[in-house]
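Only heavy atoms go into these numbers, but all of them, side chains included; no hydrogens, no water, no symmetry mates. Whatever order the structure lists ligands and atoms in, that order sets their numbers, starting from 1.
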Amino acid sequence: MIKPRRSVLYMPGSNARALEKAKTLAADALILDLEDAVAPDAKELARSQVCEAVKAGGYGAHKIVIRVNGFSTPYGEADFAAALEAMPDAILLPKIETAADLDLARKRAPNGTGISLWAMIETPLAIFNLKEIAQAAASNELPLTCFVLGTNDLVKATRVLPGADRLPLIAWLSLTVAAARAYGIAVVDGVYNSIKDEEGFRAECVQGRALGMDGKTLIHPNQLAVCNEVFSPSAEEIAAATKIVEAFDLPENQGKGAISLDGRMVERLHADIARQTLAMAEAIARPKH
Ligand SMILES: CC(C)(COP(=O)(O)OP(=O)(O)OC[C@H]1O[C@@H](n2cnc3c(N)ncnc32)[C@H](O)[C@@H]1OP(=O)(O)O)[C@@H](O)C(=O)NCCC(=O)NCCSC(=O)C[C@H](O)C(=O)O
Ligand SMILES: [Mg+2]
């Protein structure tokens, strides 16, 4: 079943107000953060607040993701054990660099948790190991189901100057999308830090969608509406997709691989894309319970 990943909102696990407010927000997924959004002296508080909030529930249809600290940090082991017990939809592992990093989590988990792994792609080495990491996605326990771009950490580690068009980052973003698609993994774009700049945010959402991202990670509720709009099929896209599917369903087109429609060559692969568009639109429209 198609799972919309248009808007994935981060919040610091130490911010009890944000944890509560998130229940009312129109995000497809929530990342309750124990890592970089939480100061060292608030790590224990964040861990207990987040795990209690997840266990208490009330998040409805939101996909709940807990981002833990890495196992190499003083907090990682306790974070991961507490997150397993809280039973979120997914646990997000930061600074993943090799397939073996996934195994560090898998060997710490009991069988049958039903929890997925999400992986931050946010270091230069991760970019070089994308294929190896994506190839290790399939697993009976803790399958890897989503890549999350960490553009802030990538900028820090590579010392690029991203600029408004993110030109220095594009190759790494595209390679991550290619690795995700090669192994059936979802992929969401990095954050946009200028909270008040709606125009710049919209442009980056449009760019991310054009790069093939399923959605974007967010840092503020005021980014949700634009993000959900850009990453949802538009009325025009839905109409065009419907027309393509209907054209190939016509008796006279049954045996054809390619047809002409409104002056364009349309192949069966375009009909496949059209069906994906309609399925996503349907998934988005499905009542949230
Ligand atoms: C950036 C902020 C600290 C700003 O917070 P604040 O000053 O409270 O903002 P506002 O006063 O405008 O808040 C208005 C209301 O919205 C709520 N709020 C704010 N942010 C969030 C949020 N993220 N989730 C849920 N609710 C939020 C406020 O509580 C107000 O509500 P109300 O009380 O009803 O008025 C803050 O936005 C923030 O902490 N953002 C998230 C920061 C974060 O999580 N960063 C980590 C991810 S970025 C990263 O590192 C990614 C990756 O690793 C990489 O390397 O790139
Ligand atoms: Mg990061």
Distance-only side-chain donor-acceptor flag, Thr277 / Glu237, under 3.5 Å: no

Shortest non-hydrogen contact from Ile133 toward Thr98: CG1-C, 3.8 Å

Nearest-0.5 Å distance, CZ of residue Phe248 to CD of residue Glu267: 8.0 Å

Whether Pro12 lies under 4.0 Å from ligand 1, heavy atom: yes

Nitrogen or oxygen of Lys196 less than 3.5 angstrom from that of ligand 1: no

Closest protein heavy atom (residue, atom, distance) for atom 20 (N) of ligand 1: Pro221 CD, 3.6 Å

Nearest-0.5 Å distance that lies between atom OG in Ser232 and atom CG in Asp28: 7.5 Å

Any protein heavy atom < 4.0 Å from atom 18 (N) of ligand 1: yes

Under 3.5 Å: donor-acceptor pair, side chain of Arg106, backbone of Leu142: yes

For ligand 1, the portion of Val148 having any non-hydrogen atom under 4.0 Å away: neither

Asp79: which of Arg47, Arg108, Arg67 passes salt bridge (Lys or Arg N to Asp or Glu O under 4.0 Å): Arg47

Subset of ligand 1 atoms that lie under 4.0 Å from at least one heavy atom of Met120: 52 (C), 53 (O)

The Mg ion (ligand 2) contact by Asp153, N, O or S atom under 2.8 Å: yes

Protein heavy atom under 4.0 Å of atom 40 (N) of ligand 1: yes

Residue pair Leu30 / Tyr59, side-chain heavy-atom distance below 4.5 Å: yes

Under 3.5 Å donor-acceptor, Ser174 side chain and Ala171 backbone: no

Numbering as shown, the atoms of ligand 1 that approach Ala37 to under 4.0 Å (heavy-atom distance): 43 (C), 44 (O), 45 (N), 46 (C)

Distance from atom 56 (O) of ligand 1 to nearest protein heavy atom, with residue and atom: Asn152 N, 2.8 Å

Pick from Gln223, Arg67, Lys21: the one approaching atom 15 (C) of ligand 1 most closely through a non-hydrogen atom: Lys21

Spacing of Ile115 atom CD1 and Asp89 atom CG [to the nearest 0.5 Å]: 9.0 Å

Ligand 1 contact on Leu149 by region, counting heavy-atom pairs under 4.0 Å: neither

Atom of Pro124, atom of Leu154 and distance for their closest heavy-atom approach: N-CD2, 4.2 Å

Thr151 N/O under 3.5 Å from ligand 1 N/O: yes

Thr73 side-chain N/O to Gly76 backbone N/O, donor-acceptor pair under 3.5 Å: yes

Polar side-chain atom of Gln207 near backbone of Asp165 as donor-acceptor pair, under 3.5 Å: yes

Nearest-0.5 Å distance, CD of residue Gln223 to CG of residue Leu218: 5.0 Å

Protein contact to atom 38 (C) of ligand 1 [nearest heavy atom, distance to 0.1 Å]: Ile219 O, 3.8 Å

Any protein heavy atom < 4.0 Å from atom 7 (O) of ligand 1: no

Protein heavy atom under 4.0 Å of atom 34 (O) of ligand 1: yes

Nearest-contact summary for atom 23 (N) of ligand 1 - protein heavy atom, Å: Tyr10 O, 2.8 Å

Glu122 and ligand 1 - part of the residue with a heavy-atom distance under 4.0 Å: side chain

Gap between atom CZ of Arg268 and atom CD1 of Ile259 - 0.5 Å precision: 8.0 Å

Heavy-atom gap Ile195 to ligand 1 smaller than 4.0 Å: yes

Inter-residue atom distance Asp153.CG - Asp36.CG, 0.5 Å rounding: 5.5 Å

Numbering as shown, the atoms of ligand 1 that approach Asp153 to under 4.0 Å (heavy-atom distance): 53 (O), 54 (C), 55 (O), 56 (O)

Heavy atom of protein closer than 4.0 angstrom to atom 25 (C) of ligand 1: yes

Atom 4 (C) of ligand 1: any protein heavy atom closer than 4.0 Å: no

Heteroatom proximity flag, Glu35 to ligand 1, N/O under 3.5 Å: no

Identity and separation of the nearest protein heavy atom to atom 32 (P) of ligand 1: Arg17 NE, 3.7 Å

Non-hydrogen atoms of Ile2 and Met280 that approach each other most closely: CG2-CE, 3.3 Å

Enumerated ligand 1 atoms positioned under 4.0 Å from heavy atoms of Gly150: 52 (C), 54 (C), 55 (O), 56 (O)

Min heavy-atom dist Lys156 to ligand 1 below 4.0 Å: no

Whether Glu122 has an N, O or S atom under 2.8 Å from the Mg ion (ligand 2): yes

Nearest non-hydrogen protein atom, atom 10 (P) of ligand 1: His220 NE2, 3.5 Å

